[in-house]
Asker: 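Here it is, the structure, as structure tokens.
Quick caveat: nothing in here was measured; it's all calculated off a predicted structure.
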Amino acid sequence: MSSKQAPRVHAAIACLQRLTDLFAERRQQLARSVKLSDQQWAALEEISSEHFMPSLFARQRESSAAAVSKILRQLLQKDLVSVRLGAPDGRQRRYELTAKGKRCIEGLRREREAAIRAVWIGFDNAGLDAFTRFGTRLAQRLAHYAESVKEGT
């Protein structure tokens, strides 16, 4: 990296870190607004997709089955989800949103859309397109680098 480019690179990294922190903070604010943790919200979103599998959710989140079970028990206690034995053999459990859970997720989605409108609408299309192109290239390069480092160890 050239000495002229170094300050720009470090400024871009600092900007990305600030964006990441702000997105995480806003997500926590949204979750707290309906008395959920970020993890509970993520599970509720997955359950609302109707293809929820606790073991897959645990793997995707790099979490343990026990941690996911705890989150599911919390959602059951809050009456946001219900569970029943799945067909045909009854070994799998099917989680579904209750009416209260549906209202909760709809409220979260409305709040998220309001935040998107307040923050993102008003940027010009060219700026949004440039941001998306840059972000996509950056994500690809980060993923490639992470994979190459993983393979090297």
Side-chain angles (χ1 to χ4, degrees), residues 1-76 78 80-81 83 86 92-97 101-153:
M1 171 171 34
S2 73
S3 61
K4 288 184 177 182
Q5 193 176 29
R8 286 185 172 98
V9 168
H10 291 290
I13 292 168
C15 177
L16 180 60
Q17 185 61 58
R18 177 101 169 107
L19 285 170
T20 302
D21 292 345
L22 288 168
F23 267 91
E25 180 182 335
R26 182 60 189 140
R27 184 168 176 82
Q28 290 170 357
Q29 287 174 340
L30 280 169
R32 280 194 311 265
S33 75
V34 292
K35 298 177 177 52
L36 294 177
S37 69
D38 192 30
Q39 296 84 3
Q40 290 169 338
W41 179 12
L44 207 60
E45 280 282 356
E46 281 293 314
I47 293 167
S48 74
S49 74
E50 298 180 17
H51 302 291
F52 178 74
M53 293 176 50
S55 58
L56 181 60
F57 181 73
R59 236 175 300 149
Q60 289 170 338
R61 307 274 299 181
E62 296 180 357
S63 187
S64 68
V68 172
S69 290
K70 180 180 178 183
I71 291 168
L72 292 172
R73 281 192 309 276
Q74 292 166 344
L75 294 174
L76 284 163
K78 292 175 181 268
L80 297 173
V81 298
V83 64
Q92 290 185 333
R93 294 176 182 205
R94 290 196 34 88
Y95 292 88
E96 297 174 340
L97 295 181
K102 288 176 185 173
R103 286 190 306 273
C104 180
I105 207 77
E106 288 168 7
L108 281 165
R109 288 176 180 160
R110 276 192 309 275
E111 287 292 319
R112 184 172 49 203
E113 285 301 314
I116 289 169
R117 281 191 305 277
V119 173
W120 290 90
I121 302 305
F123 285 108
D124 64 273
N125 289 340
L128 290 170
D129 292 344
F131 180 82
T132 301
R133 281 192 306 275
F134 177 79
T136 300
R137 285 195 338 261
L138 179 60
Q140 290 168 342
R141 291 177 76 161
L142 282 168
H144 177 73
Y145 181 74
E147 192 62 34
S148 70
V149 169
K150 185 169 66 174
E151 290 172 0
T153 54

Asker: Return yes if some donor-acceptor pair links the side-chain N/O of K78 with the main-chain N/O of K35 below 3.5 Å, else return no.
Answerer: yes

Asker: Identify the heavy atoms of Q40 and S37 that sit nearest to each other, and give their distance.
Answerer: OE1-N, 2.8 Å

Asker: CZ of R112: more than 12 outside heavy atoms within 6.0 angstrom?
Answerer: yes

Asker: My understanding is that only residues two or more places apart in sequence, or in another chain, count here; which of them pass ring pair (Phe, Tyr, Trp, His ring centres under 6.0 Å) with F57?
Answerer: F52

Asker: Measuring from R141:CZ to H144:NE2, what's the distance to the nearest 0.5 Å?
Answerer: 9.5 Å

Asker: If I take atom CD1 from residue I47 and atom OG from residue S49, how far apart are they, to the nearest 0.5 angstrom?
Answerer: 9.0 Å

Asker: Kindly determine whether L72 and V83 satisfy side chain to side chain contact (heavy atoms under 4.5 Å, CB included), including the steps that lead there.
Answerer: CA-CA 9 Å; L72 292 172; V83 64; over 6 Å; no

Asker: Less than 4.0 Å between a side-chain N and a carboxylate O, is that true for E106 and R103?
Answerer: no

Asker: Roughly how far, to the nearest 0.5 Å, is the CH2 atom of W41 from the CG atom of D38?
Answerer: 7.0 Å

Asker: Work out which heavy atom in R61 is nearest to a heavy atom in A42; give both atom names and the distance.
Answerer: NH1-CB, 3.4 Å

Asker: E111 vs R26, test: side chain to side chain contact (heavy atoms under 4.5 Å, CB included). Steps then yes/no.
Answerer: CA-CA 11 Å; E111 287 292 319; R26 182 60 189 140; 4.3 Å; yes

Asker: At their closest point, which heavy atom of Q39 faces which heavy atom of I71, and how far apart are they?
Answerer: CB-CD1, 3.5 Å

Asker: Distance from L76 atom CG to S69 atom OG, nearest 0.5 Å?
Answerer: 10.5 Å

Asker: Could you walk me through whether L108 and L36 pass side chain to side chain contact (heavy atoms under 4.5 Å, CB included), step by step?
Answerer: CA-CA 10 Å; L108 281 165; L36 294 177; 4.2 Å; yes

Asker: Do the charged groups of E45 and R109 touch, with an N to O distance under 4.0 Å?
Answerer: yes

Asker: Working note: L22 + E25, criterion side chain to side chain contact (heavy atoms under 4.5 Å, CB included); need CA distance, chi angles, decisive distance, verdict.
Answerer: CA-CA 5 Å; L22 288 168; E25 180 182 335; 4.1 Å; yes

Asker: Under the rule for ring pair (Phe, Tyr, Trp, His ring centres under 6.0 Å), what residues qualify as partners of F131, not counting sequence neighbours?
Answerer: W120

